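A quick write-up on the structure given underneath.
Here the structure is a predicted model, which means the values were calculated and not measured. Protein chains get the first letters and strands the later ones, always in sequence-line order, with residue 1 at the start of each. Any value given below was found using the heavy atoms of this structure, including those in side chains, with hydrogens, waters and symmetry copies removed.
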Amino acid sequence: MRNSQIFSLTLVAIFAALTAIGAFIKIPLPIVPFTMQIIIVFLAGSILGSKRGLQSQLVYIFVGLAGLPVFTQGGGLTYVLQPTFGYLVGFAVGAFIIGYIIERGGEEPSRLRFVVANLVGTFVIYAIGAPYVYFALNFLLDMPTSASTVFMTAFLSTVGVDIVLAIVTGLFARRIYFLLNKKMFNVLEVPK
Amino acid sequence: MMEKMIFGRFIPGDSFVHQLDPRSKLIFTFIFVVIVFLANNVATYGLLLIFTLFVILISRIRLYFLINGLKPVIILVIFTFLIHILFTREGDVLLNLGFLEVYEGGLRQGIFISIRFVVLVFVTTILTLTTSPISITDGLEVLLNPLKKFKLPIHELALMMSIALRFIPTLMDETDKIMKAQMARGSDLGAGPIKDRIKAVVPLLVPLFVSAFKRAEDLATAMEVRGYRGGEGRTRYRQLKWDAKDTTCIFALVLMTALLVFFRS
């Protein structure tokens, strides 16, 4: 195994840990407080790439399901019943798609590509998360809730902040991306 | 922030449940979570309750810890219970307050759903109370091993889980320190217009990422120096052992499933 491979492995693990920490840093905003978690998801996708980004989020989900209280409201297998579990699945898929879009960008992905990738990622997270809220409420918890109520609370209430964050994080991620790529490149260059 | 992450969730002990192999406990919990949904009448829900109480008894976990595990979902339980009582209109009217009618069917459904919740939370909490996260990871790695055929990097995932488990408290400490340091410099996440609050996240993120990357790099170097070369041919320090107790546990689960299928309406 090459050093770069081990480095990317440890980096994925550390990103999983960062995602857990992101769940606990709450920034109070009127109406809905936002957590730093989605920022870490954007960064995981854009910096680690599709496969590694997906892995980091899966590791995070598994650690939580294995019983550590790393999710916003605890942990354990029963978390699957929480209506918000779908967003966690969305994080995994979202990170993959963000990574995939940026990887198509060639050597030097443009700023626009980072922002668009994050916006598409946000969309994917909600496209998985919001229907899961509906599904969990109606079928897992036997709580009949109309689709429009779910739409209001699970989508409209938070999507605005997340779109702003997607754009800001996109610009931020691009800078780290180049710094880190340079570093990985240095690691790869084995002295002859 | 720190008190939220109580890592003393695993309680060491030497009860029957503690001595079980993590694999059998994992299989047990996964299947139990599915069969809970088989219950649909008084007899089956009663069976589930008795079975769960029995598991609690032999795990010799103090009830206090289990109730603690219930805390995050208690609001959800009460909420679903109330929704059922107020909005399910089946059977006879039990209580009529004019503006509020409680039906027999609603009360029954409410109680059933609450039992389902409590049973699920108790059994999964027992798993994490009696099994250390590291053994859970080990057990998962072995159980998921067959998936390697589909080119899934199971060993890597398990290793990453262990690393993440190890580093969550460390990075948590670090974040706490950085937040305090930035607060001392006058940064405030809770005040000012939204734009300023989002801006205030950056001085938090940058040092956190710098230190996280540094740790990842150091760890990678340490692993390489010790000759880590992937899962192939790697031996274990902690060996898993499957014995008669584990077979008994799985047998009890099969029996429970059969009873549930037999008694459900």
Quick one: what part of [X] sits under 4.5 Å from any heavy atom of chain A, side chain, backbone, both or neither?
X: B/Leu204; value: side chain
X: B/Leu159; value: side chain
X: B/Val121; value: both
X: B/Ile136; value: side chain

Side chain proximity check, [X] to [Y], heavy atoms < 4.5 angstrom:
X: B/Thr175; Y: A/Leu18; value: no
X: B/Phe209; Y: A/Leu43; value: yes
X: B/Glu224; Y: A/Phe7; value: no
X: B/Leu205; Y: A/Met36; value: yes

Can you measure from [atom1] ([X]) to [atom2] ([Y]) and round to the nearest 0.5 angstrom?
X: A/Gln5; Y: B/Met223; atom1: CD; atom2: CE; answer: 11.0 Å
X: B/Met161; Y: A/Leu65; atom1: CE; atom2: CG; answer: 8.5 Å
X: A/Ser8; Y: B/Glu156; atom1: OG; atom2: CD; answer: 7.5 Å
X: A/Phe62; Y: B/Leu144; atom1: CZ; atom2: CG; answer: 6.5 Å
X: A/Ile14; Y: B/Lys214; atom1: CD1; atom2: NZ; answer: 12.5 Å
X: A/Ile6; Y: B/Arg229; atom1: CD1; atom2: CZ; answer: 9.0 Å

Non-neighbouring partners of B/Phe167 that pass ring-ring contact (aromatic ring centres under 6.0 Å, His included), sequence neighbours left out
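Expected list: none.
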Please name all residues satisfying side chain to side chain donor-acceptor pair (under 3.5 Å) with B/Lys177, sequence neighbours left out, ordered by chain then number.
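Partners of B/Lys177 under the side chain to side chain donor-acceptor pair (under 3.5 Å) test: none.
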Should we count CZ of B/Phe30 as having more than 12 external heavy atoms under 6.0 Å?
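No - once you tally the heavy atoms of other residues, nucleotides and ligands closer than 6.0 Å, there are 12 at most.
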What heavy-atom pair brings [X] and [Y] nearest, and what distance separates the two atoms?
X: B/Ala216; Y: A/Thr10; answer: O-OG1, 2.9 Å
X: B/Ala164; Y: A/Ala16; answer: CB-CB, 4.2 Å
X: B/Pro153; Y: A/Gln55; answer: CG-NE2, 3.5 Å

Sort out for me which of B/Leu120, B/Thr131, B/Leu26 touches chain A most, counting heavy-atom pairs under 4.5 Å.
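Of B/Leu120, B/Thr131, B/Leu26, B/Leu120 has the most heavy-atom pairs under 4.5 Å with chain A.
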Need one label for A/Phe15: side chain, backbone, both or neither, based on atoms under 4.5 Å from any heavy atom in chain B.
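For A/Phe15, the contact with chain B is made by the side chain alone.
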Starting from the C-alpha separation in whole Å, work towards a yes-or-no answer on side-chain contact (heavy atoms from CB on, under 4.5 Å) for B/Tyr228 and A/Leu9.
CA-CA 12 Å; B/Tyr228 175 78; A/Leu9 189 148; 4.3 Å; yes
